[in-house]
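To start, the structure under review is shown below, and the notes come after it.
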2 protein chains.
Amino acid sequence: MSATTNAENLRADSARVRARMLAAARERIAAGDLDLPMNAIAKAAGVGVGTVYRHFPTRQALLESLAAQSLENLVAVAVAAAREPDVGSGLAALLRAGMRIQLSDPALAEVLSTIDAAGDETADLSRDLAAAITTLLDRARTEGAIRPDLTADDLRRLLCGLQHAVRIGAVDDADRYLDILLAGLRP
Amino acid sequence: MSATTNAENLRADSARVRARMLAAARERIAAGDLDLPMNAIAKAAGVGVGTVYRHFPTRQALLESLAAQSLENLVAVAVAAAREPDVGSGLAALLRAGMRIQLSDPALAEVLSTIDAAGDETADLSRDLAAAITTLLDRARTEGAIRPDLTADDLRRLLCGLQHAVRIGAVDDADRYLDILLAGLRP
DNA sequence: ACCTGAACACCGTTCAAGT
DNA sequence: ACCTGAACACCGTTCAAGT
């Protein structure tokens with residue numbers, strides 16, 4: 001077999017191993033544990049602990065990989081919201097989706113709250129998210145639909161905060177709390 | 001010396017040791033670390049690790065002891081706010097103080113967010129806090145100053161959430177965010 | 001009674017040795 | 001090149017032995 005084939009095999013194997021580690025981490029998170037012990041993940045994925053470190057040099061890197069899909073979903077929602085003809089509906093839809101996705105993926109909730117410490121790929125997505133939100137807020141500001149001083153970063157942080165308020169109690173208060181935030185954002 | 005004197009000496013010594021452990025824990029928190037490793041606290045306080053466990057059976061118990069003073073301050077503010085003639089001023093003062101005290105004491109921020117898991121003393125203070133807030137909200141509701149469905153627990157959680165929103169970014173956004181929440185609470 | 005700290009289990013992290 | 005897992009440091013927690 002050629003060198004190329006070998007490299008591809010290695011990459012395929014590496015991808016499989018990576019998927020196994022992420023699955024093991026997700027299992028722990030689903031069980032309510034955001035601890036992500038590297039040794040335990042290695043054992044559950046059937047690899048040496050050094051392999052976990054090779055793929056995910058830090059706990060933050062692992063978290064970001066776990067949250068990547070959810071973050072992409074959120075970016076897509078924000079882009080769509082920025083294009084929504086009714087800017088008020090767009091803003092409401094964005095906040096609702098941001099809450100829903102964070103509640104369904106605790107890794108995203110943590111990544112979204114610590115986005116300043118993000119690696120390259122997460123930082124890229126974060127920029128896309130901020131750009132879409134800025135577009136939406138600019139439109140809303142022009143229409144007089146929101147406080148003039150509100151930035152994309154404000155909206156992200158307030159959404160993270162609201163998620164925290166929901167999470168420390170009953171999840172079915174989410175809609176009421178979103179309503180309170182939306183009302184508070186008006187000028 | 002009498003048995004009473006001995007008991008008093010023991011108590012005085014115990015209190016001194018307790019204070020030393022709390023001071024050691026506070027030093028770590030002040031250094032930005034909410035980890036509170038029991039072994040490290042024992043070493044810093046010059047006691048055996050078993051003594052730390054005797055005084056604080058769980059990390060939660062230690063956190064609550066660290067936050068007790070701050071929580072008492074918050075309760076006092078809430079009681080005063082409930083008596084404030086201008087109910088709007090009372091509500092604003094309570095939220096501002098809740099934010100300020102949480103920001104100055106990360107242990108309180110965590111205890112306030114996990115108040116359901118509280119021990120007896122913290123639970124007592126929590127009840128006092130809830131009672132004072134309920135009094136304030138009842139008055140505000142009668143005057144039509146707030147949404148009718150808002151409970152004391154909602155206010156606590158929203159305040160915890162807002163603290164989180166502030167903490168993950170610049171602290172000087174606190175006043176703007178409080179303004180947004182206050183606006184959102186109106187009917 | 002209260003305190004000490006050794007002891008055990010476990011996790012983070014590195015790195016020499018294997019393939 | 002990539003992976004393994006032993007090794008070391010550290011933390012949580014218990015409990016037999018001391019005072």
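Please read these numbers as outputs of a predicted model, since none were measured by experiment. Protein chains get the first letters and strands the later ones, always in sequence-line order, with residue 1 at the start of each.
Counting only heavy atoms from C-beta on, B:S14 has its side chain closest to C:dC3 among C:dC3, C:dC11, D:dG12. Distance from the side chain of A:M38 is smallest for C:dG12 among the nucleotides C:dG12, C:dC3, C:dA6. Listed candidates were C:dG12, C:dT4, D:dT4. Nearest to the side chain of A:Y53 is C:dG12. Comparing D:dA6, D:dC11, D:dT4 by their closest approach to the side chain of A:V49 singles out D:dA6. Nearest to the side-chain atoms of B:N39 among the listed nucleotides D:dG12, C:dC3, D:dC3 stands D:dG12. Distance from the side chain of B:P37 is smallest for D:dG12 among the nucleotides C:dC3, D:dT4, D:dG12.
Taking a cutoff of 4.0 Å between a charged side-chain nitrogen and a carboxylate oxygen, B:D175 and B:R96 do not qualify as a salt bridge. Of the charged side-chain nitrogens involved, at least one lies within less than 4.0 Å of a carboxylate oxygen, so that B:R127 and B:D124 count as a salt-bridged pair.
Spacing of C1' atoms, D:dG5 relative to C:dC10, comes out at 16 Å, to the nearest Å.
Pairing for C:dC3 is absent, with no Watson-Crick or G-U wobble pair whose two atom distances lie under 3.5 Å. The partner of D:dA17, taking Watson-Crick or G-U wobble pairs whose two distances both stay under 3.5 Å, does not exist in any strand shown. Across every strand in view, C:dC10 sits unpaired, with no contact that passes the Watson-Crick or G-U test at under 3.5 angstrom.
As a whole-Å value, the separation of B:K43 NZ from C:dT4 P is 14 Å. The CG-C1' distance, from A:L36 to C:dG12, rounds to 13 Å in whole Å. Between B:R18 atom CZ and C:dC2 atom C1' the separation is 16 Å, expressed in whole Å. Rounded to whole Å, the distance from NE2 on A:H55 to C1' on D:dC3 is 9 Å. Taking atom CG on B:L62 and atom P on D:dG12, their separation rounds to 11 Å, with Å as the unit. What separates CE of B:M21 from C1' of C:dC2 is a distance of 12 Å, to the nearest Å. Atom CZ in B:R16 sits roughly 15 Å away from atom C1' in C:dC2 (whole-Å rounding).
Shown here is B:E143, whose CD atom has more than 12 heavy atoms of other residues, nucleotides or ligands within 6.0 Å. Residue B:R83 places its CZ atom among 12 or fewer non-hydrogen atoms of other residues, nucleotides or ligands, all under 6.0 Å distant. Remark: B:E121 CD is loosely packed, at most 12 non-hydrogen atoms of other residues, nucleotides or ligands lying under 6.0 Å away.
Contact annotation for A:V47: backbone-only contact, meaning every heavy-atom pair under 4.0 Å involves sugar-phosphate atoms and none involves a base.
Of the side-chain N and O atoms in A:R54, one or more sit less than 4.0 angstrom from OP1 or OP2 of D:dC3.
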